[in-house]
Amino acid sequence: MSDIKPVHTDSGIAIDVRYNAQSKKATPQLEEPGAFPFTRGVQPDMYRGRLWTMRQYAGFSTAEESNKRYHYLLNQGVMGLSVAFDLPTQIGYDSDHALAEGEVGKVGVAIDSIEDMQTLFKGINLQDVSTSMTINATGYILLSLYVALAKQQGADLSKITGTIQNDILKEYAARGTYIYPPKPSMRIITDIFEWCSKDLPKWNTISISGYHIREAGSTAVQEIAFTLSNGKAYVKAALEKGLDINVFGKRLSFFFNAHNNLFEEVAKFRAARKMWAKIMKELGATDEKAMMLRFHTQTGGSTLTAQQPLNNISRVTLQTLAAVMGGTQSLHTNGYDEALSLPTEEAARIALRTQQIVAFESGAADTVDPLAGSYFVEALTAEVEAKAWELMGKIDAMGGSVTAIEEGFMQDEIARSAYEYQRNIENGSKIIVGVNKFQVAEEQHPPVFKIDDSIRRIQSEKLAALRAGRNAQLAAQSFANIEAAAKDGSNLMPHVISAVENKCTLGEISDVLRKVFGEYK
């Protein structure tokens, strides 16, 4: 047996040749699904009671074009919408700003004003859909626009459901779409927690994201350690504001990645639930629903290859199985062509059908936590948990996530893992099918989805008309109210909602707070 090659996961966990009842940490935990610490799932019947929400992430070009794709996806059986915003929208610039040139509508939809939001959801009743918005630094503005539109539709705000990502800490660590420094950014987030707890009670106020941490090159262990550490920082900030952990804790959600190592990914999801339940209990939660880790999953964008792109359908299928057998509440599956461009309609349909085949044909959804009791999966869950606690201990010793990010600890750890992963691909110890092994002379790539560069001109013309037609006095008063609230510490949300109703733009509102809070460099 000594000549058998050692195998490790990308997190550095050694995998034994075989597992049995005597294997270290292989003993199944005597836990039930739907009960603390929720290792086996947050519901006692999981998908027998209700399937996960099948989302498709979409947003590109203008609000008109994105609206067409949303209607197409809803007609194909999507159960919830997931909105991608372009880069200017993400970092608080209107489409006519000089820094927006070349980026308008490119990686998501351009949203500058309430008029764009009206167009984006034309023909869609917000009370009837669950909407997830991948937005962080300007999350408070996009949520305000969504609320303003819901009010225009006559919706009951107590029935509106959805999520804003609203996770600024991972932006400093991994993604980069921040505006303000960490401390005022945390203040905006807790303002959202406070306002939603009273006025939008079913809305998930944050989706604490490991997805982008993983996309930046982290391991599975780092993904959950850094994500849960960020979660602790948000909870502590909310507690310092005097909010009730048993109220806001129920509206926290998470966003994880699903990569190709099926068993490590399942173990990661199981370990994360157990760890978060313990963290929330230690922070003072007494309501078990406030201890539940509920999460959305997206399949791994960084795992998709431009070489032999149809192979990505198999990768996405594996990742879908990992998410489902790991107990996700919501899932987006990537299009096979996303290493080349935004997904075409055909690729988006195949990605959705992958979820539907797993749901209705595979049997994976028929029983709760189907891999529970596997010696291998139980041991791997315990290993992932132990390594993640060890890493979180280092962050706690520094004073928590904000300090760890300010000191560059998380960034350095992710960069080290990304370098190691790429080095292993280049030396051949990590095989990527079609990239460093089993290559073929590349055939023609499938047709790609392209965005017209005229969009910036279209958006700029709409902005000019909006500003010319609005009540200038009401807009000026709205800006003054936001600035005053930013300075005196009162909740920003009512003032921002009023501002977007008065046709103030996303860039203008962002600039008011830039003046008060400054920008993070």
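Computed from a predicted model, the values in this text were never measured in an experiment.
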> Quick one: does Leu262's side chain get under 4.5 Å of Met325's, heavy atoms only?
Replying inline: yes
>> Looking only at the side chains, is there a donor atom on one of Thr219 and Asp10 sitting less than 3.5 Å from an acceptor on the other?
In response: no
> Can you tell me if Asn334 and His332 form a side-chain donor-acceptor pair at under 3.5 Å?
Replying inline: yes
> Between Lys278 and Glu385, is the closest basic N to carboxylate O distance under 4.0 Å?
Replying inline: yes
> Is Asp396 paired with Lys232 through a side-chain N to carboxylate O contact shorter than 4.0 Å?
Replying inline: yes
> Are the side chain of Gln153 and the backbone of Ile124 linked by a donor-acceptor contact shorter than 3.5 Å?
Replying inline: yes
> Given side chains that start at C-beta, do those of Pro370 and Thr367 come closer than 4.5 Å, heavy atoms only?
Replying inline: yes
>> Looking only at side-chain N and O atoms, does Gln355 offer a donor or acceptor that is under 3.5 Å from a partner on Thr333?
In response: yes
>> Checking side-chain polar atoms at under 3.5 Å, does Gln90 have a donor or acceptor matched by the opposite partner on Arg175?
In response: yes
> Thr89 and Asp86: side-chain donor and acceptor closer than 3.5 Å?
Replying inline: yes
> Just by modelled atom types, is the Leu474 backbone N or O under 3.5 Å from a matching donor or acceptor in the Gln477 side chain?
Replying inline: no
>> Could you measure the distance from the CD atom of Gln43 to the CZ atom of Arg48? Nearest 0.5 Å is fine.
In response: 14.5 Å
> Does any non-hydrogen side-chain atom of Glu215 lie less than 4.5 Å from one of Asn257?
Replying inline: yes
>> Please check: side-chain N/O of Arg273 versus main-chain N/O of Gly326, any donor-acceptor pairing under 3.5 Å?
In response: yes
> Within a radius of less than 6.0 Å around NZ of Lys241, do more than 12 heavy atoms belonging to other residues, nucleotides or ligands occur?
Replying inline: yes
> Strictly by modelled atom types, are Glu265 and Gln319 linked by a side-chain donor-acceptor pair under 3.5 Å?
Replying inline: no
> Within a reach of under 6.0 Å around NZ of Lys515, are more than 12 heavy atoms found that belong to other residues, nucleotides or ligands?
Replying inline: no
>> Strictly distance-based, threshold 3.5 Å: is any side-chain N or O of Asn246 a donor or acceptor partner for the main-chain N or O of Asp287?
In response: yes
>> Can you tell me how far apart CG (Asn204) and CD (Gln329) are? Round to the nearest 0.5 Å.
In response: 10.5 Å
>> Pair Arg416, Asp412 - check salt bridge (charged side-chain N to carboxylate O under 4.0 Å, His left out), show working.
In response: CA-CA 6 Å; Arg416 181 181 54 77; Asp412 289 347; over 6 Å; no
>> Using modelled atom types and a 3.5 Å cut-off, is there a donor and acceptor pairing between side-chain atoms of Ser11 and backbone atoms of Ala220?
In response: yes
> Would you say the side chains of Gln127 and Asp156 form a donor-acceptor pair under 3.5 Å?
Replying inline: no
> Under 4.5 Å between any side-chain heavy atoms of Ser185 and Tyr178, yes or no?
Replying inline: no
>> A side-chain contact here means heavy atoms from C-beta on lying under 4.5 Å apart; do Leu492 and Arg187 qualify?
In response: yes
>> Using ring-ring contact (aromatic ring centres under 6.0 Å, His included), reason through Tyr172 and Tyr520 one step at a time and then give a plain yes or no.
In response: CA-CA 9 Å; Tyr172 303 112; Tyr520 182 73; 4.8 Å; yes
> Between His212 and Ser209, is any side-chain donor less than 3.5 angstrom from a side-chain acceptor?
Replying inline: yes
> With distance as the sole test, does Ser330 use its side chain to make a donor-acceptor pair with the main-chain N or O of His296 at under 3.5 Å?
Replying inline: no
>> Phe295 and ring-ring contact (aromatic ring centres under 6.0 Å, His included): which single residue from Phe254, Phe255, Phe269 fits?
In response: Phe269
>> Given 3.5 Å as the limit, does a donor-acceptor pair link the side chain of Asp167 with the main chain of Ile208, or not?
In response: no
>> Rounded at 0.5 Å granularity, tell me how far OH in Tyr234 sits from OG in Ser229.
In response: 11.5 Å
> Can a donor-acceptor pair be found between the side chains of Thr297 and Thr328 at a distance below 3.5 Å?
Replying inline: yes
> Just by distance, with hydrogens left out, do Ser478 and Asn502 show a side-chain donor and acceptor under 3.5 Å apart?
Replying inline: yes
>> Is it the case that over 12 heavy atoms from other parts of the model lie below 6.0 angstrom from the CZ atom of Arg514?
In response: yes
>> What I want to check is whether the side chains of Glu223 and Ser218 have a donor and an acceptor closer together than 3.5 Å.
In response: no
> Would you call Glu483 and Lys487 a salt bridge, using N to O less than 4.0 angstrom?
Replying inline: yes
>> Tell me whether Glu103 contacts the main-chain N or O of Pro88 through its side chain, where contact means a donor paired with an acceptor under 3.5 Å.
In response: no
> Is there a donor-acceptor pair closer than 3.5 Å between any side-chain N or O of Arg55 and the backbone N or O of Ser130?
Replying inline: yes
> Do Ser207 and Gln165 meet the criterion of a side-chain donor-acceptor pair at a distance under 3.5 Å?
Replying inline: no
>> If we count only N and O atoms by modelled type, under 3.5 Å, do the side chains of Asp112 and Thr505 hold a donor and an acceptor together?
In response: no
> Taking atom types as modelled and ignoring hydrogens, do the side chains of Lys387 and Gln222 form a donor-acceptor contact shorter than 3.5 angstrom?
Replying inline: no
> Testing Glu115, Glu508, Glu501 for salt bridge (charged side-chain N to carboxylate O under 4.0 Å, His left out) with Arg470, which one passes?
Replying inline: Glu508
> So, Tyr180 side chain and Ser510 main chain: donor-acceptor pair closer than 3.5 Å or not?
Replying inline: yes
> Do Lys281 and Phe36 meet the cation-pi criteria used here (NZ or CZ under 6.0 Å from the six-membered ring centre, within 45° of the axis)?
Replying inline: yes
>> Do Thr163 and Met133 make a side-chain contact, defined as non-hydrogen atoms from C-beta onward lying under 4.5 Å apart?
In response: no
> Below 4.5 Å, heavy atoms only, C-beta onward: do Ile414 and Ser417 meet side chain to side chain?
Replying inline: no
> Rounded to the nearest 0.5 Å, how far does CG of Leu142 lie from OH of Tyr146?
Replying inline: 11.5 Å
